[in-house]
Amino acid sequence: MIEHVEVVVTDNRTVANTAAVTQSSGQVQSDDWNYKSDNETISVKKVQTGSGEETITYFVADVTFTNSTNLLTAFAKNSFGTNIIENTSTIASDHNAVFAINGDYYGFRNNGVIIRNGELYRDDPAREALALFNDGTLKSYDEEQTSSSSLLAQGVTNTFSFGPVLVKDAEVAGDFDSVKIDTNFGNRSIQSSNPRTGIGMISPNHFLFIVVDGRKENYSKGMTLTEFANLFAELGATEAYNLDGGGSSTMYFMGRVVNNPLGKQKERGVSDIIYIPE
């Protein structure tokens, strides 16, 4: 197999793409880091910044849909409920996904508004959440101020209930030092450097997915919420939202996990994924 290795250094960031010879199948063209069909273009990059103990390693997927947003969600074991988990790669493979990230781990909670693929599964408003609309847009909203019936009437296909909001109206959402997560986690601060997963929108039908590795010395220390939000903003996101992180943070592309979950190459089971089918 012939490989092409591209390394670009910009503003102290090293971006590497290693691609096998491009394969074409009908209207689909793909390699290890890129996928293009009639409706979607996916480009994944590995980026490293810093050095030694300050090294941060993260993966950015830039996704554009040409005709319609084909961004779907799936549950572990195809079942909705608490304490039902599978690895992100397993759920992705079962749904013939070309790309996937872990979702909001809805199954760890018993509240929130959970709409998936146009169906309402849970209606217990609790926090600021994110909605994906059928016109290819993302928008954060207050679950306690917007009814689920209103969301469905507006064309919401999926909601994610985790947080916090990272970018809103093209501006970093706020001071994350004071952000607390809910009582399931003891209401502790989540600002420290950790593995992260997030979703963002640059414009309708143009999305960013970022997974940050962490907790492995000299490979990646993770990111703070402030760093994570700033990264989305720097990459042009007008909206961005924090999903479940830590050991859950996983990016799957072209049949493999591209990041290094928890620095151990070992996935943690999750309750749900966001994915793009082949």
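Heavy atoms only: backbone and side chains are in, while hydrogens, waters and symmetry mates are out.
Distance check, rounded to the nearest 0.5 Å: CG of Leu71 to CD1 of Ile276 gives 5.5 Å. The structure places CG of Asn111 at 13.5 Å from OH of Tyr106, a figure rounded to the nearest 0.5 Å. Put simply, CD1 on Ile199 and CD1 on Ile210 are 11.0 Å apart, with the number rounded to the nearest 0.5 Å. Here the straight-line distance linking atom CG of Leu130 with atom CG of Leu243 works out to 7.5 Å at 0.5 Å rounding. To the nearest 0.5 Å, atoms CD (Gln154) and NZ (Lys139) are separated by 7.5 Å. To the nearest 0.5 Å, atoms CG (Asn70) and CZ (Phe65) are separated by 6.0 Å.
Without hydrogens or angle criteria, Asn260 side chain to Gln265 main chain gives a donor-acceptor distance under 3.5 Å. A distance-only check finds no donor-acceptor pair linking the side chain of Thr146 to the backbone of Glu143 [under 3.5 Å]. In terms of modelled atom types and a separation under 3.5 Å, the side chain of Glu86 and the main chain of Gly269 share no donor-acceptor contact. Formation of a donor-acceptor pair under 3.5 Å by the Ser30 side chain with backbone atoms of Tyr35 is not found in this model. Of the possible donor and acceptor atoms, one in the side chain of Thr159 sits under 3.5 Å from a partner among the backbone N and O of Ile115. In this structure a side-chain-to-backbone donor-acceptor pair under 3.5 Å is missing from Arg122 to Val113. A distance-only check finds a donor-acceptor pair linking the side chain of Thr250 to the backbone of Ser248 [under 3.5 Å]. Put simply, the side chain of Asn96 never gets that close to the backbone of Pro277: no donor and acceptor are under 3.5 Å apart. Counting only distance, with no hydrogens or angles, the side chain of Asp135 and the backbone of Thr137 share a donor-acceptor pair below 3.5 Å. Using modelled atom types, one side-chain atom of Asp104 and one backbone atom of Ser161 make a donor-acceptor pair closer than 3.5 Å.
Side-chain polar atoms of Ser43 and Asn34 form a donor-acceptor pair below 3.5 angstrom. In this model, a donor atom of one side chain and an acceptor atom of the other lie less than 3.5 Å apart for Ser89 and Glu267. If you check the side chains of Glu40 and Thr64, you find no donor sitting under 3.5 Å from an acceptor. No side-chain donor-acceptor contact under 3.5 Å links Asn39 and Ser37. Under 3.5 Å, the side chains of Asn102 and Thr88 contain no donor-acceptor pair of N or O atoms. No side-chain N or O of Arg116 forms a donor-acceptor pair with one of Thr73 less than 3.5 Å apart. Side-chain atoms of Thr57 and Gln48 include a donor-acceptor pair closer than 3.5 Å. One side chain, Ser249 or Thr197, offers a donor N or O that lies under 3.5 Å from an acceptor on the other. Counting only N and O atoms by type, the side chains of Thr226 and Thr224 include no donor and acceptor under 3.5 Å apart. Between the side chains of Asn194 and Ser192, at least one donor N or O sits under 3.5 Å from an acceptor N or O.
In terms of heavy atoms, Arg215 sits closest to Gly246 at NH2-CA, 3.9 Å. Scanning both residues, Met254 and Asp31, for their nearest heavy atoms gives CG-O, 3.8 Å. In plain terms, the two heavy atoms of Ile91 and Ala74 that are nearest each other are CG2-CB, 3.8 Å. The shortest non-hydrogen separation linking Val165 to Ser140 is CG2-CB, 3.5 Å. Of all heavy-atom pairs between Ala100 and Ile273, the closest is CB-CD1, 4.1 Å. Of all the heavy atoms in Ala126 and Glu144, the pair that sits closest is N-CG, 4.2 Å.
Transitive grouping of hydrophobic side chains (ILVMFWY, heavy atoms separated by less than 4.5 Å) brings Ile42 and Leu132 into a common cluster. Under the 4.5 Å side-chain heavy-atom criterion for Ile, Leu, Val, Met, Phe, Trp and Tyr, Leu262 and Ile85 are members of distinct hydrophobic clusters. Tyr105 and Ile84 are assigned to two separate hydrophobic clusters, defined by single-linkage of ILVMFWY side chains at heavy-atom distances under 4.5 Å. A single hydrophobic cluster is not seen to contain both Tyr252 and Leu208; linkage of ILVMFWY side chains at heavy-atom distances under 4.5 Å, directly or through other members, places them apart. Leu120 and Phe160 fall into different hydrophobic clusters, where Ile, Leu, Val, Met, Phe, Trp and Tyr are joined by side-chain heavy atoms under 4.5 Å apart, directly or via other members.
Residues Asn158 and Asn117 form a side-chain contact, since some pair of their non-hydrogen atoms from C-beta on lies under 4.5 Å apart. Put simply, the side chain of Phe80 reaches to within 4.5 Å of the side chain of Ile114, judged on heavy atoms. Residues Val212 and Ile56 have side chains in contact (heavy-atom distance under 4.5 Å, counting atoms from C-beta outward). Residues Tyr141 and Leu151 form a side-chain contact, since some pair of their non-hydrogen atoms from C-beta on lies under 4.5 Å apart. Arg109 is listed as a side-chain neighbour of Arg127, based on a closest heavy-atom distance under 4.5 Å. Looking at heavy atoms from C-beta onward, Tyr275 lies out of side-chain contact with Ile101 at the 4.5 angstrom threshold. Between Arg196 and Leu225 the shortest side-chain heavy-atom distance falls below 4.5 Å. Residues Met201 and His206 form no side-chain contact, since every pair of their non-hydrogen atoms from C-beta on lies 4.5 Å or further apart.
Salt-bridge check for Glu54 with Lys221: passed, with a basic side-chain N closer than 4.0 Å to an acidic carboxylate O. Classification of Asp94 and Lys77 as a salt-bridged pair fails, no side-chain N sitting under 4.0 Å from a carboxylate O.
The environment of NZ in Lys168 is crowded: more than 12 heavy-atom neighbours from other residues, nucleotides or ligands sit within 6.0 Å.
The aromatic ring centroids of Tyr58 and Phe228 lie 6.0 Å or more from each other. Aromatic rings of Tyr241 and Phe162 (six-membered ring for Trp) have centroids beyond the 6.0 Å cut-off, not under it. If you look at Phe209 and Phe99, their ring centroids are closer than 6.0 Å. For Phe75 and Tyr121, the distance between ring centers is under 6.0 angstrom.
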| field | Residue pair Asn259, Asp213: steps toward the side-chain hydrogen bond (donor to acceptor under 3.5 Å, both in side chains) verdict | value | CA-CA 7 Å; Asn259 71 308; Asp213 280 339; 2.9 Å; yes
| said: Run the side-chain contact (heavy atoms from CB on, under 4.5 Å) test on Asp244 and Phe108 for me, step by step, so that the C-alpha distance in whole Å, both residues' side-chain angles and the decisive distance to 0.1 Å come before the verdict. | reply: CA-CA 10 Å; Asp244 185 28; Phe108 189 74; over 6 Å; no
